[in-house]
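Below is one structure, written out as structure tokens, with a few remarks after it.
Scope of the values below: all heavy atoms of this structure, side chains included, with no hydrogens, waters or symmetry mates. Proteins get letters first, then strands, A, B, ... in listed order; numbering begins at 1 in each. This is a predicted model, so every value here is computed, not measured.
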Protein chains: 4
Amino acid sequence: MINSAFYNLEPKKRQRILDTAAKIIAKQGFHKANVNEIAAAAGISVGALYTYFDAKEDIFEAVFMEAVQVTAEVQRKVVAQNESLRDQLLNLFVEGLMMARRRPSYVEIYLNMMAPGMETFADKFSPELETAGAIIYEALLKKGIHTGELRTDLDIRAVAYVLDNTMLALYGSIPNRFFSIHRSVLLQESPGRLTRVWAEGVARRVLLPLWEGIRAPENKLPNNT
Amino acid sequence: MINSAFYNLEPKKRQRILDTAAKIIAKQGFHKANVNEIAAAAGISVGALYTYFDAKEDIFEAVFMEAVQVTAEVQRKVVAQNESLRDQLLNLFVEGLMMARRRPSYVEIYLNMMAPGMETFADKFSPELETAGAIIYEALLKKGIHTGELRTDLDIRAVAYVLDNTMLALYGSIPNRFFSIHRSVLLQESPGRLTRVWAEGVARRVLLPLWEGIRAPENKLPNNT
Amino acid sequence: MINSAFYNLEPKKRQRILDTAAKIIAKQGFHKANVNEIAAAAGISVGALYTYFDAKEDIFEAVFMEAVQVTAEVQRKVVAQNESLRDQLLNLFVEGLMMARRRPSYVEIYLNMMAPGMETFADKFSPELETAGAIIYEALLKKGIHTGELRTDLDIRAVAYVLDNTMLALYGSIPNRFFSIHRSVLLQESPGRLTRVWAEGVARRVLLPLWEGIRAPENKLPNNT
Amino acid sequence: MINSAFYNLEPKKRQRILDTAAKIIAKQGFHKANVNEIAAAAGISVGALYTYFDAKEDIFEAVFMEAVQVTAEVQRKVVAQNESLRDQLLNLFVEGLMMARRRPSYVEIYLNMMAPGMETFADKFSPELETAGAIIYEALLKKGIHTGELRTDLDIRAVAYVLDNTMLALYGSIPNRFFSIHRSVLLQESPGRLTRVWAEGVARRVLLPLWEGIRAPENKLPNNT
DNA sequence: CATGAATGAGGATTCATTCAT
DNA sequence: CATGAATGAATCCTCATTCAT
């Protein structure tokens, strides 16, 4: 259990604990991560840590829920924008990459959920979490159909699935070695810094082929905007 | 190090060791997996295991290399087929799913590489592995352009990236809880058995939107073949 | 040390603390018992508990002294009765059992003193405590000799020893699992509630053989009064 | 669980582990006793200890079962003797005291079972153990009735109960502080060494009053044999 | 080469006690 | 005096690795 004591902590301290735990779990993975090390790095005692959390698992849960917040914020921000669907999708990529730059550990935490040996967590969190994500994609794409930006015969779920997996891999490529190599090799990128300009470039590259397949035919624009 | 003793083992025994290790690491993840348990389950002594492998890490490496073989076989098989690119891509999905059904543990091993705390392995294996994958995609897609199936203005790498991530998630959804929930929620699937027919259906759903974006314009066919 | 603050507490609160501590120590044993849990269950803060007691050991001592009071009260009550020695001995059993029913935890506390690892406490309390007990038995039995109820050639100490051990086991059988099983198996009792009638029956059964050995010969009565 | 590895140990080593564990648990009590300390004192590693036993509880069980053996041996020995019942009862006391001198720790282990917080163990072992004890007493006393040594109207169970509790306290008085003080104060003993002669004296003192109450009337002998 | 008992450092968790408020 | 959050040494148990047989 995550105890109320944790929520009653002064926000700064609570955030420091979350960030520290996220960083260490992100680096080592849940099972390798060391509780005593987390406490020490967060500048508190193990005892204190265990007044906040009943078990190591609960530390992960708290960190994961923070990761969910961090991700959800990106979605909320983009959904709230009054732009074309295409730009919103691009922004989902770009803002996600920016978020990954700011909070790389939390992206790794997210990735940790899909690791073998994390079934319990996946069972506990994924169903409602993914459902929430699905709803957002659905709303977004339906809107695109209504506004005439998208083809009317789309399999919305399939599109959402492809989009989401691409984002997962792209966000993950910021903090995670595997996804990072995967991306730079497959996209044959020349090494460069993680700037917004770069993010916009990648987003366009990656979205374009799919976009061509889902946009409404009359919407034909020059391929490279 | 993976010692020569391991390669000199009778193939059946070697395979049993790999499969057992794969199964256990797949279930628990590398860091949680227990070497003694692997030895016991494989019907050999820990001592023997340690004459084959210098360290736990090396067991993972051997298992991972087997996972690479398993995956590569799917690609080789599909690439060798003399079919249209579209069917080859569909087959990449379908055969991959079939492979995941046959060897679910090895798919999890693959997923284990992208878990936090596995950087060392990613550094060691990913670069050449991903390069090999990239080459296959490149060849496949270039061929598609030459045969006129694909648009000539494609960003091949980007298409490969999207395709590969989708496959990763789809294959992973067979053994892995997170990806399984992710898929069934996003694709809004009704529960069903993992049959070839089902796999073909999913493959079509998932490939279609992207295919529409990459196929050559004159190639216009009814959406559902 | 048990601080004066504890004795200055309003009696109700003091009693509540003692009873709570007794209950928890009775259930878990001194070493397993948890100070924080005691404080919480008693409705006070650990801090407060530690202003009353300097250490966990002191909590036990306070509780033990209360247990002594509880036991002594039974003895005082029975000794004050103006009955035959035989009835007084029977009453010692019966009233002790009744006391054990009312305050089972305190009987366990008493038992806790004879557990391994409690030497320090035994050294501190047992000598004078047992001496006090011995005096009571001595007075009682001497009186029995004087009134002609008992044989004149008795080894009073030995009789007291046997009596006291039997009482210990009998009282202990109320709250304590071991002694409870021990009693019901050896006495081959059919399960039943702890009523005064039952207590009187057990008391008679258990006292009789010894009574036959210590009563004055001319006192011969039918076995079952 | 007590693993087979433990039973396959060379007897000398196995005994050393049992004796060491018994000694430490006897001194500190189960809950205070330290597993690492036991391992160190036994000259083995914690790891080894945990290949023999799955948990600390199992160490206690093994030690307790040894304690049962030790006690049972005394009973078997005495029961096998072809003596009068009176001498057999005296020998039960004497041999028990001798056993307690030889293996004091195991007597404490036995006492540990009746400590608060040991319910689980009592539940697991006491029922059949006490039943076995009850059978022995029953056989012994029935034989005494048949041979005419004992009164025919005895409540055998009650006699057994009184006898057993007295023995418990007497055996316990060898290693245990509480029972030791209890005995020496109540019996008003002058300090002395634990010799067989002393044991015989105590046995006679303690048995006599009860014996007078249970022996057959025609059996009247001078009080102090 | 194979075995599997043994090792012991490492890690999650507990809890008696303190002390700033 | 009371509070209860914080401390961190202590403890049970695990497991990668070794090595005598």
>> With the threshold set at under 4.0 Å for non-hydrogen atoms, list the residues of residues 5-28 of chain D touching DNA chain E in residue-number order.
In response: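 The stretch gives D:K13 as the residues lying under 4.0 Å from the strand, ordered by number.
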> Taking DNA chain E as the partner, which of residues 33-40 of chain C come within under 4.0 angstrom of it by heavy atom?
Replying inline: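 Of all residues in residues 33-40 of chain C, the ones placing a heavy atom under 4.0 Å from DNA chain E are C:A33, C:N34, C:V35, C:N36.
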>> Taking the side chain as everything from C-beta on, heavy atoms only, tell me whether C:L49 gets closer than 4.5 Å to C:N36.
In response: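 Of all side-chain heavy-atom pairs linking C:N36 with C:L49, none is under 4.5 Å.
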>> Is the shortest side-chain heavy-atom distance between B:F125 and B:V68 below 4.5 Å?
In response: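 With C-beta onward as the side chain, the pair stays apart.
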Under the side chain to side chain contact (heavy atoms under 4.5 Å, CB included) test, residues paired with [X] that sit two or more places apart:
{"X": "A:A55", "value": "A:E57, A:D58"}
{"X": "C:A21", "value": "C:I38, C:I59, C:V63"}
{"X": "A:A41", "value": "A:T20, A:I24"}

Rounded to the Å, how far apart are [X] [atom1] and [N] [atom2]?
{"X": "B:K32", "N": "F:dT14", "atom1": "NZ", "atom2": "P", "answer": "11 Å"}
{"X": "B:F30", "N": "F:dA16", "atom1": "CZ", "atom2": "P", "answer": "8 Å"}
{"X": "D:I59", "N": "F:dC12", "atom1": "CD1", "atom2": "P", "answer": "9 Å"}
{"X": "C:F60", "N": "E:dA16", "atom1": "CZ", "atom2": "P", "answer": "15 Å"}
{"X": "D:N3", "N": "F:dC13", "atom1": "CG", "atom2": "C1'", "answer": "14 Å"}

> Does C:H31 offer a backbone N or O that forms a donor-acceptor pair with the side chain of C:K56 under 3.5 Å?
Replying inline: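 Such a contact is found between C:K56 side chain and C:H31 backbone.
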Please tabulate, for the side chains in residues 103-118 of chain A, all donor-acceptor contacts under 3.5 angstrom to protein atoms that are two or more places apart in sequence or on a different chain.
from   : atom 1 : to     : atom 2 : distance (Å)
A:R103 : NH2    : A:E66  : OE2    : 3.4
A:Y106 : OH     : A:L18  : O      : 3.4
A:Y106 : OH     : A:D19  : N      : 3.3
A:Y106 : OH     : A:D19  : OD1    : 2.5
A:E108 : OE1    : A:N176 : ND2    : 3.1
A:N112 : OD1    : A:F30  : N      : 2.9

> For residues 113-125 of chain A, which residue pairs qualify under side chain to side chain donor-acceptor pair (under 3.5 Å), counting only residues two or more places apart or in two chains?
Replying inline: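 The answer is A:E61-A:K124, A:E119-B:R177, A:D123-B:R177.
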>> Below 4.0 angstrom, which residues in residues 110-120 of chain D have at least one non-hydrogen atom near DNA chain F?
In response: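 Listed by number, there are none.
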> Could you write out DNA chain E as a dot-bracket string, with dots for unpaired bases, | for bases paired across to another strand, and Watson-Crick or G-U pairs counted at under 3.5 Å?
Replying inline: .||||||||||||||||||||
>> Tell me whether the count of non-hydrogen atoms from other residues, nucleotides or ligands lying under 6.0 Å of NZ in A:K23 goes above 12.
In response: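 No.
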> DNA chain F: B:H31 or C:L49, which has the more 5' nearest nucleotide?
Replying inline: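 Its nucleotide being nearer the 5' end, the pick is C:L49.
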> Starting at the 5' end of DNA chain F, which residue's closest nucleotide do you reach first, A:I44 or D:A55?
Replying inline: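 That would be A:I44.
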> Which value, rounded to the nearest 0.5 Å, describes the distance between D:Q69 atom CD and D:F64 atom CZ?
Replying inline: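 D:Q69 atom CD to D:F64 atom CZ measures 10.5 Å (nearest 0.5 Å).
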>> Please report the interatomic distance CD(C:E37) to CD1(C:I25), rounded to the nearest 0.5 Å.
In response: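 Taking CD in C:E37 and CD1 in C:I25, the distance rounds to 10.5 Å.
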Tell me which donor-acceptor pairs under 3.5 Å the side chains of residues 1-14 of chain C have, and how far apart each pair is, sequence neighbours excluded?
from  : atom 1 : to    : atom 2 : distance (Å)
C:N3  : ND2    : C:T51 : O      : 3.0
C:N3  : ND2    : C:Y52 : O      : 3.4
C:N3  : ND2    : C:D54 : OD1    : 3.0
C:N8  : ND2    : C:S4  : O      : 3.4
C:R14 : NH1    : C:Y7  : O      : 2.9
C:R14 : NH1    : C:L9  : O      : 3.4

Check whether any side-chain nitrogen or oxygen of [X] sits under 4.0 Å from OP1 or OP2 of [N], and answer yes or no.
{"X": "C:T51", "N": "F:dC1", "result": "no"}
{"X": "C:S45", "N": "F:dA2", "result": "no"}
{"X": "D:Y52", "N": "E:dA6", "result": "yes"}

> Taking the P atom of each, how far is E:dC1 from F:dT21, in whole Å?
Replying inline: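 Comparing P positions in E:dC1 and F:dT21 gives a spacing of 22 Å.
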Short N/O separations, protein against nucleotides 18-21 of chain F, under 3.5 angstrom:
none

>> Quick one, A:V35 with A:Y50, criterion side chain to side chain contact (heavy atoms under 4.5 Å, CB included). Give me CA distance, side-chain angles, the key distance, then yes/no.
In response: CA-CA 9 Å; A:V35 175; A:Y50 271 88; 3.5 Å; yes
